[in-house]
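A quick write-up on the structure given underneath.
Sequence lines set the chain letters: A, B, ... in the order given, protein chains first and strands last, and positions in each chain run from 1. Keep in mind that this is a model prediction, so the values were computed, not measured.
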Number of protein chains: 2
Amino acid sequence: MTIDNQKRATLSQKLRFLDQADDPFSRDFFEKAVMTTLKKGQYVCHEGSSCSHLAILLDGTARVYKLGESGKEITLYRVGPGESCVLTASCILSEVPFPAIAVCETTVEAVVIPAGDVQKWLSESVTWRNYIFGLVATRLTNIINVVEDVAFRRMDKRIAEHLYKRTDSTSHLLLATHQEIASELGTSREVVSRILKEFELEAIIKVTRGAIELLDPKKLDQRRCEI
Amino acid sequence: MTIDNQKRATLSQKLRFLDQADDPFSRDFFEKAVMTTLKKGQYVCHEGSSCSHLAILLDGTARVYKLGESGKEITLYRVGPGESCVLTASCILSEVPFPAIAVCETTVEAVVIPAGDVQKWLSESVTWRNYIFGLVATRLTNIINVVEDVAFRRMDKRIAEHLYKRTDSTSHLLLATHQEIASELGTSREVVSRILKEFELEAIIKVTRGAIELLDPKKLDQRRCEI
DNA sequence: GCGATGTCTGTGACTAAGTCACACAGGGGT
DNA sequence: ACCCCTGTGTGACTTAGTCACAGACATCGC
């Protein structure tokens, strides 16, 4: 009882779409949802695997990326609290194999829904349909932005953008190796190193082993936005 | 009556998901669907436009592409008979603006469905849900393949692939300018010209103004598949 | 403290791709 | 014939990606 209530409280706090608690869908959701914890570095989906469950994150983030034959990587999008991996959803709903890899970047708290219920609720609940289609739409847009980035933008702008977005706003630090940034953007480590060195010469950042300190956010923003 | 029956026949022939004619959804579909013809070159959706109708193609093809600030283009996917543009679908269902451009490559016959019915049928018909999710899944996969291509593959392989896929199999001809191929792949005309010249020197193709003749399909296939 | 080891970063030389400017070719129109 | 427009070719240059290897730093055991 108490445990159940606590679970219910956590869920409705983290998943805004459950607001309407009197909805029969919500009741069913609370009943079927199973809470789990995934460790940092754990793989959620492998390339080509089919999915029997849909995970919705409550805490932490996961990175969904594509792995090239050469071993290069590129991030497609991230999944955060309240979100879920559309690729999983889409392969549940169409039985197409999962075309990418998902891995936990932090410890992840999530609820897991069996594929059958994912399907069933689509026919029963507007709330659920809206949630799922919202996911699909934002992910499609995400991935199209990646295409645009890779196809049209210069590497220095893309790196500037990445630093801008992912530097911690209080510590002004980004904890990442050059290789990690390269994998993020689908390029190679040397290229990242060289461009970071450029930025350092322009006094925009300070490069240290495993971390980048942002010295001049304004200049970085400029660099990011110029053509 | 006769017109109605003819429409019904055309639709159920072109749209396989209407097979189950006794389904109330199918009846509703026949009633609501409006047939239209779009001319070659006509734009279906502009960047950022919101969509009030979903078009399902019966004949012809449309190209969905992203336009960069510099004027460069890259094709995201094509829509053929029986298919529909997921981006339209996704923006109907989530009210996110359309993040790309869709244009008719040929004269296009299509049926048009009002957004409201697209929504309504999702709750009422498994057939329709499966159709829509099938679309979403294949498009997601398409676009992810574009990301993979752009991020990881060399230009000559990508051009070889493109020739391989889009050369007419009976005439051995591909009617396209170098600029068109460049827009397809998100690169620039000069690069395409140079690589086509290479292929010509290897006696794989013959380049003429506005057309490419395939001389050695086997060699092209090799070129396409090598690393 | 001292190496030993593994990870992370720097660099030079080279190839591939993209950009820019401009020349030239082919194929209609008039 | 001529012009004109579109399509193609080319050289010089910049930006990216690749390869091979050299250092630099951190951690651990000793």
Inset, instruction - Side chain of A:Ile195 only, please: which of D:dA16, D:dG9, C:dG6 is the nearest? - result: D:dA16
Legend entry - Residues A:Glu161, A:Lys165: salt bridge by 4.0 Å N-O rule: yes
Inset, instruction - Considering only NZ, NE, NH1 and NH2 on the basic side and carboxylate oxygens on the acidic side, decide whether A:Glu83 and A:Arg139 come within less than 4.0 Å. - result: yes
Legend entry - Distance in Å, A:His162 NE2 paired with A:Leu220 CG, rounded so as to fall on 0.5 Å steps: 11.5 Å
Inset, instruction - Between A:Arg158 and A:Arg209, name the one whose nearest nucleotide on DNA chain D is closer to the 5' end. - result: A:Arg158
Legend entry - Residue-phosphate contact under 4.0 Å: A:Lys72 side-chain N/O, D:dG17 OP1/OP2: no
Inset, instruction - Check whether any side-chain nitrogen or oxygen of A:His178 sits under 4.0 Å from OP1 or OP2 of C:dT9, and answer yes or no. - result: yes
Inset, instruction - Measure from NZ on B:Lys206 to C1' on D:dT8 and round the result to the nearest Å. - result: 15 Å
Legend entry - A:Thr187 side-chain N/O to D:dG17 phosphate OP1/OP2 under 4.0 Å: yes
Inset, instruction - Assign A:Thr208 to base, sugar-phosphate, or nothing according to its heavy-atom contacts below 4.0 angstrom with the strands shown. - result: sugar-phosphate
Inset, instruction - Would you mind telling me which of C:dG6, C:dA17, D:dT8 lies closest to the side-chain atoms of B:Ser193? - result: D:dT8
Inset, instruction - Starting from P on C:dG10, measure out to CD on A:Glu200 and report it in whole angstrom. - result: 7 Å
Legend entry - Residue mapping more 5' on DNA chain C - nearest nucleotide basis, B:Gly186 or A:Val207: A:Val207
Inset, instruction - Could you tell me whether B:Lys218 and B:Asp221 have a side-chain N and a carboxylate O separated by less than 4.0 Å? - result: no
Inset, instruction - When you get a sec, tell me which of D:dA24, C:dG10, C:dT19 is the closest nucleotide to the side chain of A:Lys197? - result: C:dG10
Inset, instruction - Please figure out whether A:Glu180 or B:Ser70 has its closest DNA chain C nucleotide nearer the 5' end. - result: A:Glu180
Legend entry - Any N/O donor-acceptor pair, B:Arg194 side-chain to D:dT10 base, under 3.5 Å: no
Legend entry - Spacing between B:Ile212 atom CD1 and D:dG9 atom C1', to the nearest angstrom: 15 Å
Inset, instruction - Rounded to the nearest angstrom, tell me the gap between atom CZ in A:Phe199 and atom P in C:dG10. - result: 14 Å
Inset, instruction - To the nearest Å, give me how far apart CD (B:Glu198) and C1' (C:dT15) are. - result: 12 Å
Legend entry - Proximal nucleotide (of D:dT6, C:dT19, D:dT8) relative to the A:Arg154 side chain: C:dT19
Inset, instruction - For B:Ser188, report the nucleic acid contact type (base, sugar-phosphate, nothing); a contact means any heavy atom under 4.0 Å. - result: base
Inset, instruction - May I ask you to decide whether A:Arg78 forms a salt bridge with A:Glu184, counting only side-chain N to carboxylate O separations under 4.0 Å? - result: yes
Inset, instruction - Round to a whole Å and report the spacing from CD1 of B:Ile181 to P of C:dG18. - result: 14 Å
Legend entry - Candidates D:dC19, C:dA16, D:dT10 - which lies nearest the side chain of B:Glu190: D:dT10
Legend entry - Nearest-angstrom distance from the residue atom CG of A:Leu185 to C1' of D:dG17: 14 Å
Inset, instruction - Could you tell me the separation between the CG atom of A:Leu196 and the P atom of C:dT11, rounded to a whole number of Å? - result: 13 Å
Inset, instruction - State whether B:Asp59 and B:Lys14 are salt-bridged, where the test is any N-O pair (Lys NZ or Arg NE/NH1/NH2 against Asp/Glu carboxylate O) under 4.0 Å. - result: yes
Legend entry - Donor-acceptor pair (no angle test) under 3.5 Å: A:Arg189 side chain, C:dG10 base: yes
